[in-house]
**Q** 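I have a structure here, written as structure tokens, and I will follow up with some questions on it.
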Amino acid sequence: MSRYFLTTAIDYVNSRPHLGTAYEKVCADVIARYKRLCGVDTRFLMGNDEHSQNVFKQAAEKGLDPLAYCDQMEQVFRATWARLDVSFDDFIRTTEPRHRTGVTAIAQRLYDAGDIYEGVYEGWYCVSCEEFKQEKDLVNGNCTLHPTLKPEWIREKNFFFRLSKYQQPLLDLFAANRGFLQPDVRRNEILRLIEHGLIDVSMSRAGQSWGIPLPWDPSSVVYVWFDALINYASAVGVGDRSKAEMFAKWWPADLHVIGKDITRFHAVFWPAMLMAAKLPVPRAIFGHGFMTLNGQRMSKTLGTIVDPIEAADRLGHDPLRLYLVKEIAFGGDGDFSWDRYDERYNVDLANNLGNLVSRVASMAHRYRQGRLAPTGAGSDQLARIAEQVVADYRKAMDAFALHEGAAAAYRLIDASNEFIAATAPWTLAKDPAAAERLGQVLFDAAEAIRLAAVLLEPIMPSSSREILRRVGAPAGSPRAESTGLNFDRDGRWRNDGERVLLNEGPLWPRKETSAVTDKPVPPDTSSPGARPTAGGPASAAPATPAAPAAPALVPSAPHASPDPTAAGATPADRISIDDFMKVELRVAKVLAAERVEKSKKLLKLSVDVGTEHRTLVAGIAEAYEPDALVGKTVVVVFNLRPAKLMGIESNGMVLAASPDGGKPTVVTFEAPPAPGTRVR
Ligand SMILES: [Zn+2]
């Protein structure tokens with residue numbers, strides 16, 4: 001059986017984990033769970049980095065012994081990871097004896113190899129980074145990551161590691177293993193750095209008590225970064241004779257998942273240290289991007305920190321995990337916003353997957369007493385799509401394109417919805433001659449859901465189990481716990497076995513949201529209709545019809561073609577350019593669309609207007625299927641006062657041509673400009 005050892009960065013414990021920290025752990029967890037699903041013997045390591053001066057200071061400020069402080073923080077971190085359903089197999093703390101053993105052994109090996117020498121370090125040190133800084137790293141004398149903190153000028157005895165000696169071996173490593181550092185953008189960055197030449201680096205700090213003493217000079221401790229990197233090997237027993245078998249089984253690591261800011265330590269220092277210690281280097285390092293909140297860096301001082309527990313409490317840990325994996329291309333930077341989070345929950349889970357599960361279960365009960373079995377009467381349309389989806393999914397997941405893996409699973413869910421619409425089981429049910437066909441159609445839909453749930457298992461483990469329970473996954477596939485699934489057996493289309501479906505309440509109840517990203521504006525009381533005062537160049541399918549009781553199109557606006565005679569306008573009726581310019585028209589892209597409950601005419605749209613995402617309501621439901629609008633580029637009145645329609649606050653209006661007695665046609669483009677572009 002093959003094995004897979006993956007790790008995340010270990011975290012400084014001087015503050016609680018935020019959503020950016022959680023993002024890394026969730027993505028690594030998805031990889032770990034995927035490997036287990038594929039039947040690979042997997043070991044997933046996480047941990048805390050405790051030998052930082054900041055931890056020492058933080059503890060002192062709280063009047064605590066540093067170790068007691070680290071004990072407290074360990075509980076904070078563990079509670080967060082438990083809340084997010086992160087399934088690590090091992091959690092290491094750098095104050096543990098096993099880590100001290102590993103660090104001591106590797107330091108000694110480097111020393112014995114002649115790769116360590118004594119010297120004096122004189123220069124800058126940023127305590128927050130725990131990094132030695134060169135003059136060229138500073139801007140206005142400050143660390144770029146900590147612009148409010150003066151770096152310290154230190155002059156002390158340091159032991160240096162001969163990093164310069166490993167320039168060529170590192171270049172050889174990068175050449176021999178193309179996937180050593182991923183994605184390519186990080187690889188290229190680090191390759192340039194190595195090609196530029198490497199200088200020897202400090203590997204110890206003098207005059208400190210918090211850390212692991214050097215075996216040959218106990219008055220110095222191992223520099224915290226050297227110490228931290230070794231955790232990956234000490235967790236599997238490096239330097240401990242009694243754990244030789246374990247180390248031989250698990251080392252080298254298959255994958256280190258880390259943030260893009262620490263690739264230099266992981267892809268330069270770490271392999272060089274291992275080469276010096278005559279140990280194999282890790283097989284791959286993946287540097288993920290950063291997480292922002294509404295486009296802003298997450299920072300305590302800016303108040304832009306998102307607590308992952310709060311996010312999980314809001315909608316559940318699985319919706320949060322799905323957002324982090326599906327909405328952010330793994331490797332790139334990603335943004336979080338509370339509105340977008342709610343929106344994706346409603347679109348992907350409440351309205352899409354959750355609704356699909358409920359519909360199929362309820363039809364199975366209405367037409368087949370909840371029991372489905374293949375009848376052999378039908379096409380293999382859905383099965384063929386499923387086969388392609390599974391292949392795409394595996395390819396994506398094997399290449400760490402987690403977002404593409406999620407997207408593949410959703411292609412199967414979308415195909416199932418389309419399949420149901422096309423086969424119309426409710427019509428088949430009226431025709432006794434179509435009974436076999438109906439049975440197969442319902443079975444196929446249930447099977448597609450089952451398979452999608454298997455594909456989503458690494459991302460949404462407990463939801464996946466719940467879906468499998470509801471669609472009655474066939475006997476022989478244990479589904480009590482995630483590890484019971486096996487991709488080879490369960491990850492393919494199965495046209496066999498009887499399924500007993502459970503018709504229970506919604507998996508993800510819709511979340512009603514205000515969905516307003518900008519400051520709420522009080523509704524317009526002077527003109528309750530909230531029609532724009534200036535006429536647009538095209539008539540509008542009003543997002544804000546005259547009264548909620550009549551959510552129809554208002555055909556009183558000028559004709560789509562700005563032909564003044566057509567509307568019977570005389571020059572006196574015409575408006576000035578200034579009047580027109582009061583209406584801010586902008587290009588917008590439709591991100592999501594859904595019907596407004598109890599309304600025939602209204603669609604609720606979520607649109608990207610360049611600077612933000614907005615919710616608006618448009619009276620175009622009779623002309624457009626919601627799905628047909630997603631991805632379309634339209635024109636919206638950007639500066640319209642918000643108005644409530646059927647309980648939904650609409651923030652803008654979509655322009656559409658509205659022929660008398662006909663259906664509206666939204667204004668769109670042949671070559672769509674970027675969202676936010678002004679239209680005039
Ligand atoms: Zn810094």
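For ligands, and for the atoms within them, numbers begin at 1 and follow the listed sequence. Only a predicted model underlies this, so the values are computations on that prediction, with no experimental measurement involved.
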**Q** How long is the span from the CD1 atom in Ile328 to the CG atom in Asp333, to the nearest 0.5 Å?
**A** 9.5 Å
**Q** Please list, chain by chain and in numerical order, all residues satisfying side chain to side chain donor-acceptor pair (under 3.5 Å) with Tyr125, sequence neighbours excluded.
**A**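 Testing Tyr125 for side chain to side chain donor-acceptor pair (under 3.5 Å), a comparison that skips the adjacent residues, returns Glu130.
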**Q** Using the side chain to side chain donor-acceptor pair (under 3.5 Å) rule, collect all pairs that involve residues 57-73, keeping only residues at least two apart or in two chains.
**A**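 Side chain to side chain donor-acceptor pair (under 3.5 Å) check on residues 57-73 returns Asp71-Arg93.
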**Q** Centre-to-centre under 6.0 Å for Tyr323 and Phe336, is that the case here?
**A** yes
**Q** Scan for salt bridge (Lys or Arg N to Asp or Glu O under 4.0 Å) pairs involving residues 168-194, sequence neighbours excluded, and state none if there are none.
**A** Arg178-Asp184
**Q** Taking it one step at a time, do Asp342 and Arg314 satisfy salt bridge (charged side-chain N to carboxylate O under 4.0 Å, His left out)?
**A** CA-CA 9 Å; Asp342 288 351; Arg314 184 180 177 90; 2.5 Å; yes
**Q** Return the set of protein N, O or S atoms whose distance to the Zn ion (ligand 1) is under 2.8 Å, each given as residue and atom.
**A** Cys126 SG, Cys129 SG, Cys143 SG, His146 ND1
